[in-house]
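For the single chain, residues carry numbers from 1 onward in sequence order.
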Amino acid sequence: MPSNSMNVINFNRKQLPQRDKFVNRLGGYNADKRTEYNFPKATAKQLKEIGKRLKEEHKIRMLKIALLTVILFIGLVCVWIYVADGMVQFVTY
């Protein structure tokens, strides 16, 4: 039995160099094929506007994340205080 498993391992090892890498991944893989993109031409002014808009969106997103974090933290502290108060009463009886 051990020799059969070694034969399988050796066979698989010999097959590795013959396969196409990433051929089973989503989107496929072909080293010879080059993807072409048709991007529209943009002026420097448009690029600056896009950059400003992205920065503003990032600020708003970070503000939302910070507020949500603070609200959750306050909620957890309130729950902890409530549970701690209940535990003190439970232990003292």
Side-chain angles (χ1 to χ4, degrees):
M1 186 71 173
S3 64
N4 187 29
S5 62
M6 289 304 295
N7 287 339
V8 170
I9 291 172
N10 288 332
F11 176 77
N12 288 339
R13 189 174 294 137
K14 289 176 187 174
Q15 294 298 315
L16 278 175
Q18 297 175 5
R19 70 183 176 95
D20 289 334
K21 292 183 180 181
F22 305 115
V23 74
N24 294 325
R25 300 285 182 222
L26 286 176
Y29 176 78
N30 189 353
D32 300 330
K33 185 178 177 184
R34 186 86 175 167
T35 305
E36 291 186 22
Y37 299 101
N38 293 326
F39 292 122
K41 302 294 181 191
T43 63
K45 183 178 178 182
Q46 289 174 326
L47 293 175
K48 285 184 181 182
E49 289 175 4
I50 292 171
K52 286 180 184 178
R53 189 177 74 230
L54 288 174
K55 285 181 184 178
E56 188 65 30
E57 289 174 1
H58 181 70
K59 285 180 186 179
I60 292 171
R61 189 179 313 115
M62 289 306 293
L63 180 64
K64 288 178 181 179
I65 291 171
L67 287 175
L68 182 65
T69 303
V70 168
I71 290 170
L72 288 175
F73 181 74
I74 290 172
L76 285 173
V77 168
C78 291
V79 168
W80 181 72
I81 290 172
Y82 178 75
V83 170
D85 186 40
M87 292 300 280
V88 168
Q89 289 177 0
F90 179 73
V91 172
T92 56
Y93 287 128

Transitive ILVMFWY cluster of I65, excluding itself - 4.5 Å side-chain cut-off: M62

Co-members of the apolar cluster containing F11 [side chain, <4.5 Å]: none

V8: side chain to side chain contact (heavy atoms under 4.5 Å, CB included) partners, not counting sequence neighbours: N4, N12

Show the atom names and distances, to 0.1 Å, of all donor-acceptor pairs under 3.5 Å that link a side chain in residues 38-50 to residues at least two apart or in another chain.
| residue | atom | partner | partner atom | Å |
| --- | --- | --- | --- | --- |
| T43 | OG1 | Q46 | N | 3.2 |
| Q46 | OE1 | T43 | N | 3.0 |

Co-members of V77 in a cluster of I, L, V, M, F, W and Y side chains, linked at under 4.5 Å: F73, W80, I81

Fellow cluster residues of V70, listed by chain then number, with links counted only when side-chain atoms sit under 4.5 Å apart: I74

Residues which pass salt bridge (charged side-chain N to carboxylate O under 4.0 Å, His left out) with R53, listed by chain and number, not counting sequence neighbours: E57

Those residues that, when tested against I60, pass side chain to side chain contact (heavy atoms under 4.5 Å, CB included) (two or more places apart): E56, K64

